[in-house]
Amino acid sequence: MVAVFAADTIVNSMKALWGRLRPYEMNQGWTNFTSWLQINGENGHKSFPSGHSQEGWIALLLPLFVSPKLGNKRRNTFIFAVVFGSLVAISRLGLGAHFLSDVTMGSFISIVVIYAVARLLNEKLMGDPLH
């Protein structure tokens, strides 16, 4: 729960601060394009970072709910979460809702937060391969 709240808070705070247009909002050409490094302030545009990508990668929490003694099941759950997070991020690109940097940062935020939580819990997301 803490990981979900932390990742959501980071992404939503950045969305409001960055104010980046989405690809489909570039209807008057690319003159309104801004780099992901440019902070535009609150302007109603919230493309960066991708909230859907961040939420898709929250699936990486699932392996932590599988007993460490079930190494293969935990590993398979990890693989499922990686595939799921990747598909969500790719779909956001395909729909024209985000730039690659948007989905990369949204994904990165969840992955880092979940990694930190796993380390705090002294857990391995993929489990022990010997079990």
Side-chain angles (χ1 to χ4, degrees):
M1 186 68 138
V2 172
V4 175
F5 178 76
D8 281 348
T9 301
I10 293 167
V11 166
N12 289 328
S13 298
M14 288 178 71
K15 278 182 167 294
L17 186 61
W18 252 258
R20 188 177 194 195
L21 276 73
R22 296 176 183 275
Y24 66 76
E25 294 175 315
M26 303 285 173
N27 53 5
Q28 295 154 341
W30 288 84
T31 57
N32 295 335
F33 176 80
T34 57
S35 166
W36 69 275
L37 295 170
Q38 182 177 339
I39 298 174
N40 300 305
E42 292 190 41
N43 60 11
H45 300 285
K46 297 183 177 183
S47 178
F48 182 84
S50 169
H52 281 91
S53 295
Q54 173 262 313
E55 291 164 0
W57 281 97
I58 285 293
L60 276 177
L61 285 171
L62 294 175
L64 297 177
F65 290 98
V66 178
S67 171
K69 295 177 182 176
L70 302 172
N72 285 337
K73 286 189 180 185
R74 189 176 264 205
R75 186 187 73 247
N76 291 342
T77 305
F78 175 82
I79 291 167
F80 166 79
V82 168
V83 170
F84 182 77
S86 298
L87 289 174
V88 170
I90 290 167
S91 74
R92 301 306 290 165
L93 293 172
L95 291 171
H98 289 286
F99 296 104
L100 181 59
S101 55
D102 301 340
V103 299
T104 301
M105 184 58 77
S107 301
F108 178 77
I109 289 167
S110 277
I111 292 167
V112 168
V113 168
I114 291 166
Y115 175 77
V117 167
R119 294 296 297 162
L120 287 171
L121 297 173
N122 200 26
E123 292 283 345
K124 295 178 183 175
L125 288 171
M126 287 190 47
D128 187 355
L130 300 176
H131 291 102

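This chain uses plain numbering: 1 for the first residue, then up along the sequence.
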Just by distance, do the side chain of Arg20 and the backbone of Ser47 share a donor-acceptor pair under 3.5 Å?
no
Could you pull out the closest heavy-atom pair between Val66 and Arg74, with the gap in Å?
O-NH2, 2.7 Å
Heavy-atom side-chain proximity of Ile10 to Gln54 below 4.5 angstrom
no
Going hydrophobic residue to hydrophobic residue with side-chain gaps under 4.5 angstrom, can you get from Leu37 over to Met105?
yes
Nearest heavy-atom contact between Ala89 and Ser107 is CB-OG, 4.1 Å
Please check: side-chain N/O of Trp18 versus main-chain N/O of Trp36, any donor-acceptor pairing under 3.5 Å?
yes
Heavy atoms of Gly106 and Pro49 approach each other most closely as N-CB, 3.6 Å
Between Arg92 and Asp102, is there a side-chain N and carboxylate O pair less than 4.0 Å apart?
no
Here the pair of heavy atoms bringing Phe65 nearest to Leu61 is CD1-O, 3.4 Å
May I have the step-by-step check of side-chain contact (heavy atoms from CB on, under 4.5 Å) for Ile111 and Leu60, ending in yes or no?
CA-CA 8 Å; Ile111 292 167; Leu60 276 177; 3.8 Å; yes
Looking only at heavy atoms, which two atoms of Leu64 and Ala118 are closest? And how far apart?
CD2-CB, 4.4 Å
Would you indicate whether Gln38, at its atom CD, is surrounded by more than 12 heavy atoms from other residues, nucleotides or ligands within a distance under 6.0 Å?
yes
Between Ile39 and Val11, is there shared hydrophobic-cluster membership here, with clusters defined by ILVMFWY side-chain heavy atoms closer than 4.5 Å?
yes
Determine whether a donor-acceptor pair (N or O, by modelled atom type, separation under 3.5 Å) exists between the side chain of Trp57 and the backbone of Gly85.
yes
Expected output: side-chain Arg22 to main-chain Lys46 donor-acceptor under 3.5 Å
yes
Atom pair OG/CD1 of Ser53 and Ile90 - distance to nearest 0.5 Å
9.5 Å
Cluster question for you: counting only ILVMFWY and a side-chain heavy-atom cut-off of under 4.5 Å, with indirect links fine, are Met14 and Phe108 together?
yes
Looking only at heavy atoms, the pair that brings Val103 and Ser50 closest together is CA-CB, 3.8 Å
Leu93, Ile109: one ILVMFWY side-chain cluster at the under-4.5 Å cut-off?
no
Do other residues, nucleotides or ligands put more than 12 heavy atoms under 6.0 Å from His45 NE2?
yes
